[in-house]
Amino acid sequence: MNRRKFLKLAAVSMVLPVPDVLGFAPGFEKRDSSQRAGADRGVKNSLAPDHGVKDRLIKSRFFDHAFKDDILLSPNDVALLNTSLARLTRIQKVIGYGNFSLLNFDDAVVYARSYSRIGRFSKAELFFLEKIFYDQVTKYGFMGEKTIETITGKIKKKEVKKIPSTGHYLYRGKPIAVYQAIQKKIGPDVVLTSGIRSVMKQFLLFLNKTAKSRGNLSMASRSLAPPGYSYHGVGDFDVGKKGFGVANFTEQFTQTQVYKRLADLGYITFRYDRGNDLGVRFEPWHIEVV
């Protein structure tokens, strides 16, 4: 059995549960005793058939807090995360932001080997990336569907088009048609903020979020789909208000005229709605296409 098949069947143990001493997320501490007691009952009643759903609802609401049963990378894998993330960042600098959005795993390995300023991936780093890709993400609390089955999945360049003045690509056909219709009906205030993401692009984003979350895979997956699970790899995209910056990726976006027009026109079909039970934060900027 080759290594990739083995990893699909049984990911090697690489994570540790967060110690109980972390307790509840800081956001819970601000509530009164009756609210806290209700939350305690909901979280601790593990025999309730809907416990998992309630748990994910709470965590997706407080997506950027740590919970006592979150899954952490082991110290050894935190080190591999940091070196792998640094290498991916160097590849993006060498080949460019747009090209990196289409980059596949095999070509990333070739680029790393070919450029001394990037440096080749170590065997341990490659194994770490494969473990992340083939791990059972439901244990992080992420319940979304897998959209790309293999780590070596590729995006065919003939099937995509670079959108002028954005640095992003979209798939030809329905994704581009939807974006062009949005542009026509809403006007210059709407902007494409994220298009196609290859496996390696999603790796870069997810590992960066995991690093900022201090190795907390569960916290990272509440904000970003793990590699292989993003619908950006198969057709969805994000939009925002021109000049609104990073606020486009917060609930502040719902207060903009761009969002309100999108909702009025029927373009907002939430992939991750407010209160979804997939363990993912609310994403009002995400345009569901596929």
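Quantities reported herein were computed from a predicted structural model and do not represent experimental measurements.
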Colleague: Consider only side-chain heavy atoms of I, L, V, M, F, W and Y, link residues closer than 4.5 Å, and tell whether Ile176 and Ile186 are in one cluster.
Modeller: yes
Colleague: For Tyr111, look at atom OH and say whether over 12 heavy atoms of other residues, nucleotides or ligands are found less than 6.0 Å away.
Modeller: no
Colleague: Answer whether the closest heavy-atom distance between the side chains of Phe237 and Ser194 falls below 4.5 Å.
Modeller: no
Colleague: Please say whether the positively charged group of Arg281, taken as NZ for Lys or CZ for Arg, lies over the ring of Phe63, i.e. under 6.0 angstrom from the six-membered ring centre and within 45 degrees of the axis.
Modeller: yes
Colleague: To the nearest 0.5 Å, tell me how far His168 NE2 sits from Asp238 CG.
Modeller: 8.5 Å
Colleague: Does a sphere of radius 6.0 Å around CZ in Arg172 hold more than 12 heavy atoms from other residues, nucleotides or ligands, not counting ones at 6.0 Å or beyond?
Modeller: yes
Colleague: Using a 6.0 Å cut-off, check whether atom NZ of Lys157 has over 12 heavy atoms from anything other than its own residue.
Modeller: no
Colleague: Would you call Val290 and Asp236 a side-chain contact if the rule is heavy atoms closer than 4.5 Å?
Modeller: yes
Colleague: May I ask you to test the Ile148-Arg197 pair for a side-chain heavy-atom distance under 4.5 Å?
Modeller: no
Colleague: Count the heavy atoms of every other residue, nucleotide or ligand shown that sit under 6.0 Å from NZ of Lys212, and state whether that count exceeds 12.
Modeller: no
Colleague: Is the shortest distance from a Lys or Arg side-chain nitrogen in Lys59 or Asp55 to a carboxylate oxygen in the other one below 4.0 Å?
Modeller: yes
Colleague: Side chains of Gln92 and Lys201 only: does a donor on one sit below 3.5 Å from an acceptor on the other?
Modeller: yes
Colleague: Check whether NZ of the Lys or CZ of the Arg Arg113 lies under 6.0 Å from the centre of the six-membered ring of Phe121 and within 45 degrees of that ring's axis.
Modeller: no
Colleague: Taking all atoms of both residues into account, what is the closest heavy-atom pair of Thr254 and Phe282, and its distance?
Modeller: CG2-CE2, 4.1 Å
Colleague: Apart from Ile196 itself, what residues make up its hydrophobic cluster, given side-chain heavy atom links below 4.5 Å?
Modeller: Leu102, Ile155, Val160, Tyr169, Tyr171
Colleague: Are there more than 12 heavy atoms of other residues, nucleotides or ligands under 6.0 Å from atom CZ of Arg90?
Modeller: yes
Colleague: Is Leu224 linked to Tyr97 within one hydrophobic cluster, defined over Ile, Leu, Val, Met, Phe, Trp and Tyr using a side-chain heavy-atom separation of less than 4.5 Å?
Modeller: no
Colleague: Where do Pro227 and Val199 come nearest, in terms of heavy atoms and distance?
Modeller: CB-O, 4.4 Å
Colleague: Which heavy-atom pair separates Ile151 from Leu129 by the least distance, and what is that distance?
Modeller: CD1-O, 3.9 Å
Colleague: Which residue, Leu205, Asn208, Leu204, forms the side-chain contact (heavy atoms from CB on, under 4.5 Å) with Leu88?
Modeller: Leu204
Colleague: Any side-chain heavy atom of Phe244 within less than 4.5 Å of one from Thr250?
Modeller: no
Colleague: Assess the residue pair Lys54 and Asp277 against the criterion (salt bridge (Lys or Arg N to Asp or Glu O under 4.0 Å)); give the C-alpha distance rounded to whole Å, side-chain angles, the decisive distance to 0.1 Å, and a yes or no.
Modeller: CA-CA 8 Å; Lys54 290 180 179 178; Asp277 67 350; over 6 Å; no
Colleague: Is it true that the NZ or CZ of Lys174 lies under 6.0 Å from the centre of Tyr179's six-membered ring and within 45 degrees of the ring axis?
Modeller: no
Colleague: With no hydrogens and no angle check, do the side chains of Glu125 and Thr83 hold a donor and an acceptor under 3.5 Å apart?
Modeller: yes
Colleague: Between Tyr231 and Glu145, is there a side-chain donor-acceptor contact under 3.5 Å, judged purely by atom types and distance?
Modeller: yes
Colleague: Does any part of the side chain of Lys242, heavy atoms only, come nearer than 4.5 Å to the side chain of Val190, both counted from C-beta?
Modeller: no
Colleague: If we ignore angles and hydrogens, is there a donor and acceptor under 3.5 Å between the side chains of Asp107 and Asn104?
Modeller: yes
Colleague: Using modelled atom types and a 3.5 Å cut-off, is there a donor and acceptor pairing between side-chain atoms of Ser230 and backbone atoms of Ala225?
Modeller: no
Colleague: Do Ile58 and Phe67 have side-chain heavy atoms sitting under 4.5 Å apart?
Modeller: yes
Colleague: Assess the side chains of Asp70 and Tyr140: does a donor N or O sit below 3.5 Å from an acceptor N or O?
Modeller: no
